[in-house]
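In what follows, a single structure is set out as structure tokens and then discussed.
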Amino acid sequence: MTAADPDLPYGPAGFEEFFRHYEPMVRRYLIWQEAEPGILDDAAQLTMVSAFQYWDRVGLMDPPTGWLFKVARQRLQDVRESHRRNGILLGADALHDTAAQSDPITICDQRLDILAAIRKLPHRQQEAVALRVQFRLPYKEIAEIMGASPATVRAHVHQAHKTLEAMLGDDKEGGLA
């Protein structure tokens, strides 16, 4: 099958619809990865360019979130390295302002107090809990994205929940349970 086939989940010319649906999700994932504003934009754009380049395969995936998040993670590392090499440094302090201004979905579905607590977790726990709680991915798919075993991912999520519960108290109103 090619991108012109009508059997694709998004139709023969469905990349535009695909982009409108998944690009905000990629941005939210990158925010969870603590991408700085300029880096977030670059990484999200490069991720969607990759999806377009491989549209004949990506258009057949149901759902493509695992592939997109894995590519976004790689593009984020590439962009950070490029910025570091070129002496472009951005502070993570601008993250909260950018999230509130550029992604209205984030305003609705993330509580800042929980996000602040998650930021204090080790990076692997942050990623595992974000993919599990925010994006509701199965452990197997998270393991593929993170390059770990499903058991390791479960351990990261479990430990993150224990730590967050201790940090936030018994208030489960934020939706981590």
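The figures here come from the full heavy-atom set of this structure, side chains too, leaving out hydrogens, waters and symmetry mates.
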Say you draw a straight line from NE2 of His156 to CD1 of Ile142; how long is it, rounded to the nearest 0.5 Å? 11.0 Å
Could you tell me how the ring of Phe52 sits relative to the ring of Phe15: parallel (under 30°), tilted (30 to 60°) or perpendicular (over 60°)? perpendicular
What's the verdict on side-chain hydrogen bond (donor to acceptor under 3.5 Å, both in side chains) for Thr152 and Ser149, showing C-alpha distance, side-chain angles and the deciding distance? CA-CA 5 Å; Thr152 299; Ser149 72; 2.9 Å; yes
Phe135 atom CZ, neighbour heavy-atom count above 12 within 6.0 Å: yes
Using side chain to side chain contact (heavy atoms under 4.5 Å, CB included) as the criterion, list what pairs up with Glu144, not counting sequence neighbours. Lys140
Atom pair CD/OG of Gln45 and Ser50 - distance to nearest 0.5 Å: 11.0 Å
With the side chain counted from C-beta on, respond yes when Lys162 and His158 share a heavy-atom pair under 4.5 Å apart, and no when they do not. yes
For the pair Asp41 and Arg27, find out whether any cationic side-chain nitrogen is under 4.0 Å from an anionic carboxylate oxygen. yes
Decide yes or no for Asp78 and Leu46: does some side-chain heavy atom of the first lie under 4.5 Å from some side-chain heavy atom of the second? no
For Gln74, I'd like to know if atom CD has over 12 heavy atoms of other residues, nucleotides or ligands within 6.0 Å. yes
Atom pair CE (Met167) and CG (Leu121), whose distance is rounded to the nearest 0.5 Å: 6.0 Å
Please list all pairs passing the salt bridge (Lys or Arg N to Asp or Glu O under 4.0 Å) test where one or both residues lie in residues 125-137, with sequence neighbours left out. Arg73-Glu127
Within this structure, what is the OH-CD1 distance for the pair Tyr29 and Ile145, rounded to the nearest 0.5 Å? 6.0 Å
